2 protein chains.
Amino acid sequence: MADDESTLQQQVWDFVYAYDAAYDRAAQAVGLSAAQACLLGQLTMGERSMGELAVELLCDPSNVTQLVARLEARGLVTRVPDPADRRVKQVSITPAGRREHRAVRRAFDFPDDRLGRLDEGEQLQLSSLLAKLLDRPGQAAAGG
Amino acid sequence: MADDESTLQQQVWDFVYAYDAAYDRAAQAVGLSAAQACLLGQLTMGERSMGELAVELLCDPSNVTQLVARLEARGLVTRVPDPADRRVKQVSITPAGRREHRAVRRAFDFPDDRLGRLDEGEQLQLSSLLAKLLDRPGQAAAGG
DNA sequence: TATTGTTATACTCTATAACTATA
DNA sequence: TATAGTTATAGAGTATAACAATA
């Protein structure tokens with residue numbers, strides 16, 4: 001009786017658990033931590049300052065310093081002072097960094113393995129539900 | 001054009017990101033790490049050996065030793081040898097541990113805040129989709 | 001004086017390898 | 001000999017506080 005009422009919450013927990021585990025495996029298969037892969041992922045969408053990365057990664061700037069330092073030492077990102085405000089450093093992903101990140105994406109089998117089980121209609125359904133959960137327009141939100 | 005095809009995957013990413021962040025905040029609000037809260041959560045469903053915890057938490061047994069040692073030092077779990085096989089240690093949550101874990105659940109606002117946006121029919125829909133993604137019978141899977 | 005990023009430091013998470021106790 | 005758990009150790013993630021450079 002106490003089981004039924006928690007089923008959806010438990011399913012969501014299990015889903016997130018599986019997703020996180022798959023991402024960790026993918027990053028580690030490429031020799032990166034999840035945090036490093038995540039940072040590289042942000043940079044694939046364009047350069048960012050250290051502070052912007054801290055906001056996006058939900059962590060302290062001093063942590064970003066460490067993460068970027070390790071990635072820079074491996075030649076996966078670069079860090080150059082912003083000419084407009086030399087306190088700021090703009091971080092960019094290098095070609096090698098892009099290759100590593102693509103390798104993570106390839107190793108990250110969760111989307112294909114799991115989302116691939118849904119047919120097109122189900123995927124639209126899921127997209128619509130997620131849009132509500134995220135306060136964003138999903139691909140299936142128009143017209144309900 | 002390249003945007004549309006990745007929308008569902010991006011939505012799932014954003015959803016998991018928000019979920020993880022909310023859980024981290026909830027645990028830290030109670031003075032626990034996410035890993036510690038997670039371990040306590042397993043124990044709310046019954047005692048487990050160190051090895052079983054390692055399997056469930058997807059980590060090395062030596063890591064479980066450390067996590068349990070810290071929780072034990074704070075009086076949140078106990079660790080007693082199994083009479084049937086004295087190599088094995090059974091870990092149990094204490095009343096104080098249950099209180100701490102309930103505090104995490106209360107602070108974990110994601111389920112109420114987000115899943116609460118869906119009406120009953122939408123929740124059943126989501127449950128059914130998650131059941132397919134997880135290879136488990138969801139609460140709405142029967143008769144599908 | 002305020003802001004950006006770094007350094008120093010400390011704690012936790014995590015794994016590998018060597019070890020102890022038990023089976 | 002094999003298994004469960006621990007210890008020693010090391011690397012990575014993370015935050016706080018003090019600091020440097022720049023604005």
Side-chain angles (χ1 to χ4, degrees), chain A residues 17 20-21 23-42 47-74 76-92 100 104, chain B residues 17 20-21 23-42 47-74 76-92 100 104:
Chain A
Y17 208 79
D20 286 340
Y23 192 74
D24 278 3
R25 278 196 305 274
Q28 280 168 31
V30 180
L32 295 169
S33 69
Q36 290 171 335
C38 207
L39 197 161
L40 282 185
Q42 293 297 325
E47 71 175 11
R48 276 146 173 77
S49 71
M50 303 293 286
E52 287 166 346
L53 283 170
V55 171
E56 290 174 345
L57 300 177
L58 308 173
C59 71
D60 192 85
S62 66
N63 189 29
V64 176
T65 297
Q66 312 258 47
L67 289 169
V68 167
R70 290 192 193 103
L71 291 170
E72 195 179 32
R74 291 170 58 173
L76 306 182
V77 306
T78 61
R79 192 171 21 171
V80 304
D82 185 332
D85 180 346
R86 298 215 311 288
R87 291 175 303 181
V88 175
K89 301 211 181 149
Q90 293 295 339
V91 187
S92 305
E100 293 284 67
V104 175
Chain B
Y17 207 79
D20 286 339
Y23 192 75
D24 279 3
R25 278 197 305 274
Q28 280 169 31
V30 179
L32 295 169
S33 68
Q36 290 171 336
C38 207
L39 197 160
L40 282 185
Q42 293 297 325
E47 72 175 11
R48 275 146 174 76
S49 70
M50 303 292 286
E52 287 166 347
L53 283 171
V55 171
E56 290 173 344
L57 300 178
L58 307 172
C59 72
D60 192 85
S62 66
N63 189 30
V64 176
T65 297
Q66 311 259 44
L67 289 169
V68 168
R70 289 191 194 103
L71 291 170
E72 195 180 33
R74 291 171 58 172
L76 307 182
V77 307
T78 61
R79 190 170 25 169
V80 305
D82 185 332
D85 180 345
R86 298 215 310 288
R87 292 174 303 180
V88 174
K89 301 210 180 151
Q90 293 296 339
V91 187
S92 305
E100 292 284 67
V104 174

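Naming: A, B, ... by sequence-line order, numbering from 1 per chain. Quantities reported herein were computed from a predicted structural model and do not represent experimental measurements.
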Just checking A:D85: base, sugar-phosphate only, or nothing, at a heavy-atom cut-off of under 4.0 Å? sugar-phosphate
Nearest atoms (heavy-atom pairs only) where B:S62 meets B:D60: OG-OD2, 2.7 Å
Between B:L39 and B:L71, what is the shortest heavy-atom contact and its length? CD2-CD1, 4.1 Å
Length of the line joining B:Q90:CD and D:dA4:P, which is rounded to integer Å: 12 Å
B:D24 CG to D:dG13 P: how many Å, rounded? 15 Å
Heavy-atom nearest pair, A:Y17 first then B:L57, reads OH-CA, 3.4 Å
Euclidean distance, atom CD of residue B:Q28 to atom P of D:dT14 [Å, nearest integer]: 10 Å
side-chain N/O B:R87 vs D:dT6 OP1/OP2, d < 4.0 Å: no
In residues 29-38 of chain A, what residues come within less than 4.0 Å of DNA chain C, judged by heavy atoms? none
Nearest 0.5 angstrom please: B:E100 CD to B:R74 CZ, how far? 6.0 Å
If you look at every heavy atom in A:A27 and A:A37, which pair is closest and at what distance? CB-CB, 4.0 Å
Restricting to non-hydrogen atoms, name the atom on A:Y23 and the atom on A:C38 that form the minimum distance, rounded to 0.1 Å. OH-N, 3.5 Å
May I ask you to evaluate whether B:K89 reaches the phosphate of D:dT6, defined as a side-chain N or O under 4.0 Å from OP1 or OP2? yes
What I'd like to find out is whether the side chain of B:E72 reaches to under 4.5 Å of the side chain of B:V77, using heavy atoms alone. yes
Within this structure, what is the CD-CD distance for the pair A:E47 and A:E52, rounded to the nearest 0.5 Å? 8.5 Å
Comparing nearest nucleotides in DNA chain C, the 5'-proximal residue of the pair B:L58, A:P61 is A:P61
From A:L67 atom CG to A:L40 atom CG, the distance as rounded to the nearest 0.5 Å: 10.0 Å
If you assign A:A84 and B:Q66 each to the DNA chain D nucleotide with the nearest heavy atom, which residue ends up on the more 5' nucleotide? B:Q66
D:dA12 P sits how many Å from B:D60 CG, rounded? 17 Å
Contact nearer the 5' end of DNA chain D, comparing B:M50 with A:C59: B:M50
What is the distance from CG of A:L57 to P of D:dT14, rounded to the nearest Å? 8 Å
5'-most to 3'-most nt of DNA chain C touching chain B (<4.0 Å, heavy-atom partner on protein side) reads C:dT12 to C:dA23
